[in-house]
2 protein chains.
Amino acid sequence: MASSVQRKRIRKAPAARRAEIVDAAAAVALGEGLECVTLQRIADELDVRPGLISHYFGTAEDLVAEAFGAATGAELDVLLPEERTGGTCTEHLARFFALAAGPEFDRLSRLWINAWHLRGSRPVLNERVLERETAWRTRLESLVREGVARGEFRTDDPYVTTLQIIVVLDGLGAHANTDTSYRPEAVARMAVTVAEQGLGLARGALGPVGSAASE
Amino acid sequence: MASSVQRKRIRKAPAARRAEIVDAAAAVALGEGLECVTLQRIADELDVRPGLISHYFGTAEDLVAEAFGAATGAELDVLLPEERTGGTCTEHLARFFALAAGPEFDRLSRLWINAWHLRGSRPVLNERVLERETAWRTRLESLVREGVARGEFRTDDPYVTTLQIIVVLDGLGAHANTDTSYRPEAVARMAVTVAEQGLGLARGALGPVGSAASE
DNA sequence: GATGATATTGAGTGTGCCACCAATAAGCAA
DNA sequence: TTGCTTATTGGTGGCACACTCAATATCATC
């Protein structure tokens with residue numbers, strides 16, 4: 001005789017409710033994967049009925065795409081802020097790599113892997129993935145370009161260098177789960193190394209170099 | 001009144017039937033993803049009843065893991081044969097990179113992405129993934145080591161160099177789907193470049209260098 | 001305090017999947 | 001041919017999910 005007592009309804013402004021749903025969905029996506037972003041799951045999370053989620057998102061896939069977009073968008077602003085107030089480009093880039101080595105970034109990597117796979121079967125999500133890919137790339141590329149303009153960096157092709165950094169980051173992220181295996185510094189530092197070489201920086205300019213070094 | 005006429009039964013030797021099932025599952029996994037490897041789907045593929053698949057694989061997850069293992073194992077033998085009869089290590093490695101640039105490798109990359117993601121929720125699959133990861137790594141590493149022994153390659157740490165190559169391959173593979181975007185040669189050739197640099201080889205030793213080059 | 005717009009519920013439909021089990025027939029061996 | 005092993009079937013139950021829709025309660029507005 002638990003709950004047939006007619007639920008208490010809490011009515012919220014559409015915009016607020018929608019934001020609430022998206023936030024919950026993004027958290028679930030980041031923590032448990034995009035396939036756990038179901039009407040039922042998110043409804044439970046917010047203690048409402050599944051029908052309510054349907055009311056805001058015509059299709060479950062829309063919600064999934066929105067969850068992915070929200071999660072990756074928020075992380076992007078943390079890692080590569082649009083407005084760079086103080087500090088040199090080198091410092092900003094170094095900060096980026098420092099954060100990219102942290103555990104929070106691993107969760108993000110997992111989400112990307114998740115989305116890359118699901119993209120094949122979900123057109124709406126796929127569009128969101130493509131959008132976010134260019135967002136991340138352009139954000140990083142603009143940092144590189146500004147560094148070049150300021151004379152901090154030196155590269156033949158900022159676009160190519162940006163892509164090279166991203167490829168390495170993705171490659172490292174792919175194994176984010178396999179943290180049981182020992183990862184040598186020369187591997188863990190690959191992204192930094194590629195950046196330093198590609199941007200004409202001194203070794204160690206973008207991140208600390210440990211004792212035993214490669215090459 | 002189509003098919004209530006009692007199906008014709010075709011009885012096969014257990015080993016043969018099992019192999020048939022695994023092959024079909026591997027094909028589906030490679031072509032449509034591991035989540036399409038269901039009892040029903042594979043049964044349809046072979047024109048048998050789902051119960052039969054259950055008879056050979058106690059759990060659906062076992063079948064999925066087996067499908068992944070079969071697919072990646074077969075590809076490994078094609079790309080990096082255990083027995084290297086003729087040719088130098090350099091030639092074998094160059095051949096590997098040539099194949100790794102082909103469309104067939106993209107399908108394999110997708111499968112890996114797929115498995116990386118699913119590993120979290122499927123212990124049996126996870127075990128298979130770990131096993132295959134070391135299989136690929138050791139196979140590549142042994143090629144590197146033999147090259148070093150023969151004096152073809154030169155590296156401080158074969159293990160590290162191997163990992164670096166794999167990281168780049170994974171990074172490139174992550175974007176295997178996004179073939180709409182233009183990929184500059186300096187990016188497409190990254191794996192080869194990392195290998196050439198890490199193994200002390202001349203530029204172009206492991207793959208053709210196009211007209212416009214980077215750095 | 002009454003009223004109307006609508007956010008929210010509850011209930012129901014349909015699908016796809018895994019897992020279990022008893023009955024059946026295919027093919028090998030005696 | 002006969003008998004036996006077992007590969008294969010058919011059917012059942014249960015779970016989780018997406019989607020629909022009429023009914024209802026809530027809040028803002030007057």
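Numbered from 1 within each chain, the chains take letters A, B, ... in sequence-line order. Computed from a predicted model, the values in this text were never measured in an experiment.
- Here B/S54 pairs with nothing under the side-chain hydrogen bond (donor to acceptor under 3.5 Å, both in side chains) rule; sequence neighbours left out.
- For A/T38, the listed nucleotide lying nearest its side chain is D/dC17; candidates were C/dA7, C/dA19, D/dC17.
- Residues B/R18 and B/F57 have side chains in contact (heavy-atom distance under 4.5 Å, counting atoms from C-beta outward).
- Both B/I10 and A/E61 lie close to DNA chain D; mapped to their nearest nucleotides by heavy-atom distance, the more 5′-ward contact belongs to B/I10.
- Applying the side-chain hydrogen bond (donor to acceptor under 3.5 Å, both in side chains) rule to A/R17 yields the partners A/E20; only residues at least two apart in sequence or on another chain are considered.
- Under the 3.5 Å distance criterion, with hydrogens and angles disregarded, no donor-acceptor pair is assigned to the side chains of B/E75 and B/W136.
- Screening residues 68-88 of chain A for ring-ring contact (aromatic ring centres under 6.0 Å, His included) gives A/F68-A/W112 as the qualifying pairs, with residues at least two apart or on separate chains.
- Mapped onto DNA chain C by nearest heavy atom, A/P50 and B/G58 fall at different nucleotides, with A/P50 at the one closer to the 5' end.
- Taking every heavy atom of residues 23-36 of chain B and every atom of DNA chain C, no pair lies under 4.0 Å.
- Distance A/Q40 CD to D/dC15 P: 14 Å, rounded to the nearest Å.
- Of all nucleotides listed (C/dA19, C/dT8, C/dC18), C/dA19 comes nearest to the side chain of B/T59.
- The CZ-C1' distance, from A/R41 to D/dC15, rounds to 17 Å in whole Å.
- For the salt bridge (Lys or Arg N to Asp or Glu O under 4.0 Å) condition, the pairs that include at least one residue of residues 57-74 of chain A, sequence neighbours left out, are A/E66-A/R128.
- Contact of A/R49 with C/dT9 (side chain to base): no donor-acceptor pair of N or O atoms is detected under 3.5 Å.
- Counting to the nearest Å, the C1' atom of D/dC17 and the CZ atom of A/F57 are 18 Å from each other.
- For A/R17 and C/dT8, the shortest distance from a side-chain N or O to OP1 or OP2 is below 4.0 Å.
- Backbone-only contact: B/L39 has heavy atoms under 4.0 Å from sugar-phosphate atoms and none from a base.
- Rounding to whole angstrom units, CG of residue A/L52 and C1' of D/dA25 are separated by 14 Å.
- In this structure, B/I53 places its CD1 atom 14 Å from P of D/dA7, rounding to the nearest Å.
- Between the P atom of D/dC19 and the CD1 atom of A/I42 lies a distance of 14 Å, rounded to the nearest Å.
- Looking at heavy-atom distances under 4.0 Å, B/S54 makes no contact with the nucleic acid at all.
- Rounding to whole angstrom units, CZ of residue B/R11 and C1' of D/dC4 are separated by 10 Å.
- Distance, B/Y56 OH to D/dT9 C1': 13 Å, rounded to whole Å.
- Taking every side-chain heavy atom of A/K12 into account, C/dT8 is the closest of C/dT8, D/dA7, C/dC18.
- In summary, A/R84 and A/E91 do not engage in a salt bridge, as defined by a charged side-chain N under 4.0 Å from a carboxylate O.
- Qualifying side-chain hydrogen bond (donor to acceptor under 3.5 Å, both in side chains) partners for A/E32, counting only residues two or more places apart in sequence or in other chains: A/R41.
- Distances shorter than 4.0 Å separate none of the side-chain N or O atoms of B/H55 from OP1 or OP2 on D/dT8.
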